[in-house]
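A, B, ... follow the sequence lines: proteins, then strands. Residue 1 opens every chain.
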Amino acid sequence: MKFLKFLFVGIFFGIVLVKSEAVSWYRIFEMFKFQSFHMYGIIGSAVVLGALSLWLIRRLNVKSTEGQTIQLPEKEKNYTANIIGGAIFGLGWALAGACPGPMYILLGTGVFSMLIVIAAATLGTFVYGLLKGKLPH
Amino acid sequence: MDFILKPWPWYVSGPLITLTMLILVLFGKTFGMSSNLRTFCAIGGAGKYADFFKFDWKAQRWNLTVVLGAIIGGFIAVHFLSDGSPIQLNPETVSDLNSLGFENVGASLLPSEIYSWDSILTLKGISILTIAGFLVGFGTRYAGGCTSGHAITGLSNLQLPSLIAVVGFFIGGIIMTYFLIPLIF
């Protein structure tokens, strides 16, 4: 039962991303061509509102439902990895038209060929794990 | 109720994505979809091959539940909450894609030129999906996150590594969209 709330968060997330069309290959193409404000509006408003909310959470010292102080993990400062890994991710994002969240969601919309993309993404993660020590970070 | 069935504008969708992140944060978790790919590897026994996959994946079951929910959410959204409106793309985008050989642009969420079984059952088609997926999975772990972890959560949390990763996302995305997609199609 303790997982039920996470199931609902996922359902909500899936519905929002389909209704926003952020799961559409075409919207991602359009975004990278800078031909529409749509995706920038979505990400931009999510980030601005997110930054305000996180600031407020800290300011008011809001506790999590587990009673803990809310502390988001600091992202590791591996700038070389951030930029190179980011660019590799971007190549795949623009070609597949889907990042990891939308991959799962699109599977739910009935696009079973997405299973190939998810399997390949899992393989990519596995290969990264094998090569991690040899890559610049 | 009609507005629910129509596509939602950015100023509705963006804040609802923030809400998704905030709910997870209030539950004491964090918003990161690509972490699940690492969990899939760990479940499959990848810990035998690399320490990167030696972690207690059972502690990630909550995130796998989010994934399951996202799949169900996708199903609900297309079957019960959509009126089949085509995507209102910029006409320039449509004509750019038409000239690359894409038809019925925006009629559905994904182009049949990439995702239909007819396309996949060719060497080119299966290569496109496999390479694209591989790049996403490799790149996201190398960069330390994907759109949810870096672009939404990391930027909201004013993390410099996330800003650099998002710049990377755009470098890769622009190279693919402007230079490689016209070569591939």
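In this structure, chain A has no heavy atom under 4.5 Å from any part of B:L64. Both the backbone and the side chain of B:L16 come within contact range of chain A, judged by heavy atoms closer than 4.5 Å. Interface remark: B:L22 contributes side-chain atoms only to the contact with chain A (heavy atom separation under 4.5 Å). Looking at B:K29, only its side chain comes within 4.5 Å of chain A, counting heavy atoms on both sides. Residue B:S34 touches chain A through both its backbone and its side chain, counting heavy-atom pairs closer than 4.5 Å. Looking at A:I70, only its side chain comes within 4.5 Å of chain B, counting heavy atoms on both sides. Neither the backbone nor the side chain of B:L163 comes within contact range of chain A, judged by heavy atoms closer than 4.5 Å. Neither the backbone nor the side chain of A:M39 comes within contact range of chain B; no heavy atoms are under 4.5 Å apart. Heavy-atom distances place no part of A:V48 under 4.5 Å from chain B, backbone and side chain included. Residue A:I28 does not touch chain B at all, counting heavy-atom pairs closer than 4.5 Å. Of the atoms belonging to B:I114, it is side-chain heavy atoms, and not backbone ones, that fall under 4.5 Å from chain A. Looking at A:L52, neither its backbone nor its side chain comes within 4.5 Å of chain B, counting heavy atoms on both sides. Residue contact with chain A, scored on non-hydrogen atoms closer than 4.5 Å, involves the backbone and the side chain of B:I128 alike. Proximity to chain A involves both the backbone and the side chain of B:Y115, based on heavy atoms less than 4.5 angstrom apart. Only the side chain of A:K132 comes within less than 4.5 Å of a heavy atom in chain B; its backbone stays farther off. In this structure, the portion of B:D96 lying under 4.5 Å from any heavy atom of chain A is its side chain and not its backbone. Heavy-atom distances place the side chain of A:F12, and not its backbone, under 4.5 Å from chain B. Heavy-atom distances place the side chain of B:Q159, and not its backbone, under 4.5 Å from chain A. Both the backbone and the side chain of B:L81 come within less than 4.5 Å of a heavy atom in chain A. For a residue to count as touching a neighbouring chain, one of its non-hydrogen atoms must lie under 4.5 Å from one of that chain's; by this rule A:R58 touches chain B with the side chain only.
Of the listed residues (A:G133, A:A120, A:A22), the one with the most heavy-atom contacts under 4.5 Å to chain B is A:A120. Highest contact tally toward chain B, considering only A:A87, A:S36, A:S24, is held by A:A87 [criterion: heavy-atom pairs under 4.5 Å]. Of the listed residues (B:A132, B:P161, B:A50), the one with the most heavy-atom contacts under 4.5 Å to chain A is B:P161. Listed options A:I43, A:V18, A:V47 were ranked by heavy-atom pairs under 4.5 angstrom with chain B; first place goes to A:V47. Of the listed residues B:T140, B:L68, B:T30, B:N157, the one with more heavy-atom pairs under 4.5 angstrom with chain A than any other is B:N157. Ranked by heavy-atom pairs under 4.5 Å with chain A, the first of B:V94, B:L160, B:V167 is B:L160. For the options A:G14, A:G124, A:G44, heavy-atom pairs under 4.5 Å to chain B are most numerous at A:G124. Interface check for chain A: of the options B:F52, B:W8, B:F75, the most heavy-atom pairs under 4.5 Å are formed by B:W8. Note: A:L106 leads A:L107, A:L106, A:T80 in heavy-atom pairs under 4.5 Å with chain B. The candidate with the highest count of non-hydrogen atom pairs below 4.5 Å against chain B, out of A:E66, A:Q68, A:E74, is A:E74.
Using modelled atom types, one side-chain atom of B:S148 and one backbone atom of B:M33 make a donor-acceptor pair closer than 3.5 Å. Without hydrogens or angle criteria, B:H150 side chain to B:A143 main chain gives a donor-acceptor distance under 3.5 Å. Judged by distance alone, the side chain of A:T125 and the main-chain N or O of B:G137 form a donor-acceptor pair under 3.5 Å.
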Please lay out, stage by stage, how A:F13 and B:F31 fare under the test ring-ring contact (aromatic ring centres under 6.0 Å, His included). CA-CA 11 Å; A:F13 177 55; B:F31 185 32; 5.1 Å; yes
Applying salt bridge (Lys or Arg N to Asp or Glu O under 4.0 Å) to A:K33 and A:E30, what does each step give before you reach the verdict? CA-CA 5 Å; A:K33 281 232 147 179; A:E30 186 187 48; over 6 Å; no
Report the C-alpha distance between A:H137 and B:Y142 in whole Å, list the side-chain angles of each, state the deciding distance to 0.1 Å, and finish with yes or no for ring-ring contact (aromatic ring centres under 6.0 Å, His included). CA-CA 8 Å; A:H137 277 81; B:Y142 195 2; 5.2 Å; yes
Let me see the working for B:R61 and B:W57 under side-chain contact (heavy atoms from CB on, under 4.5 Å), right down to the final yes or no. CA-CA 7 Å; B:R61 278 179 302 184; B:W57 66 262; 4.2 Å; yes
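Within 6.0 Å of atom OH in B:Y11, 12 or fewer heavy atoms from other residues, nucleotides or ligands are found, so the atom counts as exposed in its surroundings. No more than 12 heavy atoms of other residues, nucleotides or ligands lie within 6.0 Å of OH in B:Y49, so this atom counts as exposed by the packing criterion. Annotation: A:F112, atom CZ; neighbour count of heavy atoms from other residues, nucleotides and ligands within 6.0 Å does not exceed 12. Atom CZ of B:F170 has more than 12 neighbouring heavy atoms from other residues, nucleotides or ligands inside a 6.0 Å radius.
One side chain, B:D83 or B:S85, offers a donor N or O that lies under 3.5 Å from an acceptor on the other. In this structure, a donor-acceptor pair under 3.5 Å is absent between the side chains of B:E113 and B:S119.
When every heavy atom of B:I184 is checked against every heavy atom of B:K124, the shortest pair comes out as O-NZ, 2.7 Å.
Under the 30°/60° scheme for interplanar angles, the aromatic rings of B:F185 and A:W25 are found to stand perpendicular. Below 30°, between 30° and 60°, or above 60°: for B:F134 and B:F138 the angle between ring planes is below 30°, a parallel geometry.
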